[in-house]
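Read the structure below first, then the notes.
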There are 2 protein chains.
Amino acid sequence: MNIGDVASLSGLPAKTIRYYEDIGLVKPLRSTNGYRTFRESDAHKLAFLGRARALGFSIEDCRSLLALYDDEDRASAEVKEIVEQHLDRIDEKIAELTEMRATLAHLVDACAGDHRPDCPILADLAMECSKEDQLEKSA
Amino acid sequence: MNIGDVASLSGLPAKTIRYYEDIGLVKPLRSTNGYRTFRESDAHKLAFLGRARALGFSIEDCRSLLALYDDEDRASAEVKEIVEQHLDRIDEKIAELTEMRATLAHLVDACAGDHRPDCPILADLAMECSKEDQLEKSA
DNA sequence: ACTAGGGCTTCCACTGACTGGAAGGTCAAC
DNA sequence: GTTGACCTTCCAGTCAGTGGAAGCCCTAGT
């Protein structure tokens, strides 16, 4: 298989596949004309990578997961460990975004959004607020 | 004020402040020895930037918000527009992460996480599944 | 035999928003 | 006068690709 074939099979851009070879995630053969030649197993690995990346795993996580995938004697605990850590990072991000969301929604609500210059959003970002507001915030 | 002073006032690292000058977000003066000299207004802008960045606004959003902050004749609608768009992007991200989270949590639940090699997580990533499983997934 | 096109190759530069570090100038205190 | 903290610039690296240029390879059509 040439790179275009695995690209359509895996859904990954050819550029990305070349990059994955660069960083050692796949090791396709080369035919005499210099073209990369992908085996079935390479195509599987690329599809695996595509799905792992879609689930938000970092490249280094993917590298570990691929190694475990290749290792017949792995302990499933090792896999689970990686996934659980990733899950924790996702939970942190969701919490962070949710907090931002709440603050922003509050600001949007408070802003008239008309032609006048008065804007509680800018006021808040600039912290042009009274002592009461500050106490309220720290509470 | 030197850069160290505004750094502690704004909570931003000095490196970041230099970077913000590089990209034109702040324009401190220079004293004869070459040191940056920050005015009160610069310190305010940096604090503004710190808060906007903490709320997840991109640098380009920050640039627009700062311009509106400086513009006495702004319409608050312009500010609100930027914030609402940002809010939409955040909602998208939360939705994306929440979906990932659900899939991953499902996988973690299904994995024994012991010394044995059998691992539904890897099986799923590899899509080593029967026709029934595929139907179940697409349903 | 020639040419057009599509696919493939490498290499370099760019993204966002910094961060780390090296090499060196400046300043206040001891 | 020297130590140490602070400041300067510049270069390189982060993460995970993406875009583009220059050039080879292969097949189909004329």
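Every chain is numbered from 1 and lettered A, B, ... according to where its sequence line falls, protein lines coming before strand lines.
Between its opening and closing five pairs, the helix from dA1(C)-dT30(D) to dC30(C)-dG1(D) changes axis direction by 30°, a value rounded to 10 degrees.
A donor-acceptor pair under 3.5 Å is absent between the side-chain atoms of Asp70(B) and the main chain of Ala67(B), judged by distance alone. Of the possible donor and acceptor atoms, one in the side chain of Arg63(B) sits under 3.5 Å from a partner among the backbone N and O of Ile23(B). Formation of a donor-acceptor pair under 3.5 Å by the Lys80(A) side chain with backbone atoms of Cys111(B) is found in this model. With hydrogens and angles disregarded, no donor-acceptor distance shorter than 3.5 Å links the side chain of Arg36(A) to the backbone of Arg30(A). For the pair Asp42(A) (side chain) and Arg39(A) (backbone), a donor-acceptor distance under 3.5 Å is present. Proximity of a side-chain donor or acceptor of Thr98(A) to a complementary backbone N or O of Ile94(A) within less than 3.5 Å is detected.
Side-chain contact of Asn2(B) with Thr37(B): a donor-acceptor pair under 3.5 Å is absent, judged by distance alone. Counting only N and O atoms by type, the side chains of Ser76(A) and Asp118(B) include no donor and acceptor under 3.5 Å apart.
The distance from atom OH of Tyr20(A) to atom NZ of Lys15(A), rounded to the nearest 0.5 Å, is 14.5 Å.
Nucleotides of DNA chain C that come within less than 4.0 Å of any heavy atom of chain B span, from the 5' end to the 3' end, dA17(C) to dC27(C).
Hydrophobic clustering places Leu25(A) together with Val6(A) (ILVMFWY residues linked when any side-chain heavy atoms are closer than 4.5 Å, directly or through intermediates). Residues Tyr35(B) and Ile3(B) do not share a hydrophobic cluster, clusters being chains of Ile/Leu/Val/Met/Phe/Trp/Tyr side chains in contact below 4.5 Å.
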At under 4.0 Å between heavy atoms, how does the protein contact nucleotides 2-9 of chain D? Give one character per nucleotide, 5' to 3', with B, S or -. ----BSBB
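Residues satisfying the ring-ring contact (aromatic ring centres under 6.0 Å, His included) criterion with Phe57(B), sequence neighbours excluded, are His86(B).
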side-chain contact (heavy atoms from CB on, under 4.5 Å), that's the test. Do Leu66(A) and Phe48(A) meet it? Break it down for me. CA-CA 8 Å; Leu66(A) 261 189; Phe48(A) 184 105; 3.7 Å; yes
Leu122(A)/Arg74(B) under side-chain contact (heavy atoms from CB on, under 4.5 Å): CA gap, chis, key distance, verdict: CA-CA 11 Å; Leu122(A) 293 178; Arg74(B) 76 207 158 217; 3.5 Å; yes
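A 6.0 Å sphere centred on CZ of Arg116(B) holds no more than 12 heavy atoms belonging to other residues, nucleotides or ligands.
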Using a cutoff of under 3.5 Å, can you pull out all pairs of nitrogen or oxygen atoms linking the protein to nucleotides 14-16 of chain D, with atom names and distances?
residue: dA16(D); atom: OP1; partner: Ile59(A); partner atom: N; Å: 3.2
residue: dA16(D); atom: O3'; partner: Arg53(A); partner atom: NH2; Å: 3.2

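Within residues 83-95 of chain A, no residue has a heavy atom under 4.0 Å from DNA chain D.
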